[in-house]
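The next block holds one structure in the form of structure tokens; read it before the comments.
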Amino acid sequence: GNQFQQMTNEAFCIIFRFRDDELVILEERTNFFTCLKKVKSVASKASIRRKPKKETSMAIVSRRVATPLPGKAALTISRAKSLAEIMVRAGGGARVRKVIFGDGAGDIHLYGNFADFTSGTKSAAAMNKDPQMAKWQAEREAEPSSHLRGPEVYRTAFGEPSMKPVILQRTYSIDRANVQNALALMPELQGIVGETPLMAVLPTIASVMDEMLIVYYFDSLEHFGVQLDEVAMSPEFQKLVTKASAYGTLKSSRLLAAID
């Protein structure tokens with residue numbers, strides 16, 4: 001923003017402004033009170049021109065889901081890890097996880113994260129040019145190991161991706177008209193769960209578009225259990241869940257653990 005400095009010497013002052021590293025004299029040897037009025041006027045105009053501060057940043061998350069064929073779980077995991085390496089070389093972040101409880105137990109998920117849509121599409125283009133990607137696809141065609149779905153693309157609406165090893169995903173069916181009301185509850189939810197990282201994502205390109213995913217991150221499976229006892233069962237959390245039910249319906253949940 002504009003910076004102002006006054007230099008006073010009893011009956012007069014000089015006021016100037018720094019803008020784009022250039023010093024501009026606004027008033028020279030003027031009456032002090034005239035000078036003060038000028039400061040207020042220019043500062044007010046500068047305030048009007050200032051863009052509002054962006055409260056939250058958006059990140060992009062991609063998801064691939066592989067359901068292993070019988071006897072092919074190890075090969076499915078190996079291929080997911082190889083694809084994650086290709087994704088990282090192409091400029092994205094990547095993490096392989098396995099569903100250990102809940103919806104889709106046994107499925108292997110590969111998540112990518114990117115700063116924005118431009119970064120994500122550049123990464124996708126770079127992946128397609130990687131010779132290892134062609135090799136990966138050829139091996140998959142020659143010896144299928146899973147039913148693969150995705151990638152589907154989501155954008156964060158609250159919070160950001162975390163590298164913590166254990167995550168709980170709760171998927172809500174929600175009408176577009178209720179999204180903002182539901183998101184308005186997220187700061188209250190963050191206050192209840194405390195230091196536990198929290199994220200809400202919305203689909204951009206996906207098979208189901210009328211949903212919201214709430215993601216909780218944990219240090220370990222044991223940490224997840226402690227949080228269930230101390231937070232999820234608390235009256236504050238249950239009251240908030242009841243309030244949220246006015247905006248969406250909980251469809252499914254799953255617990256995933258990282259595969260390193």
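- There is a path of hydrophobic side-chain contacts, each under 4.5 Å, that joins L240 to L168.
- Counting only heavy atoms from C-beta outward, the side chains of L256 and Y111 approach each other to under 4.5 Å.
- Salt-bridge annotation for E143 and K72: present, with a side-chain N of the basic residue lying under 4.0 Å from a carboxylate O of the acidic one.
- Closest of all the heavy-atom pairs between A66 and S146 is CB-OG, 3.5 Å.
- Using a 4.0 Å cut-off between charged nitrogen and carboxylate oxygen, R176 and D210 do not count as a salt-bridge pair.
- D107 pairs with exactly one of R97, R149, K98 by the salt bridge (charged side-chain N to carboxylate O under 4.0 Å, His left out) rule, that one being R149.
- Within 6.0 Å of CD on E160 lie no more than 12 heavy atoms contributed by other residues, nucleotides or ligands.
- Between T171 and M212 the shortest side-chain heavy-atom distance does not fall below 4.5 Å.
- In this structure, CD1 in I174 is found 9.5 Å from OH in Y247, a value given to the nearest 0.5 Å.
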**Prompt:** Would I60 and N113 count as a side-chain contact (heavy atoms from CB on, under 4.5 Å) if you check the C-alpha gap in whole Å, the side-chain angles of each, and the deciding distance to 0.1 Å?
**Reply:** CA-CA 6 Å; I60 308 305; N113 61 82; over 6 Å; no

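- Side-chain contact check for L148 versus T76: every heavy-atom pair is 4.5 Å or farther apart.
- For the 3.5 Å distance criterion, the side chains of S253 and Q169 fail to qualify, holding no donor opposite an acceptor.
- The shortest side-chain heavy-atom distance between P161 and V61 falls under the 4.5 Å cut-off.
- Residues Q227 and T196 have side chains that bring a donor and an acceptor to within less than 3.5 angstrom of each other.
- For K251, the NZ atom counts as densely surrounded, since its 6.0 Å shell holds more than 12 non-hydrogen atoms of other residues, nucleotides or ligands.
- A salt bridge links R95 and D260; the closest N-O separation between the charged side-chain nitrogens and carboxylate oxygens is under 4.0 Å.
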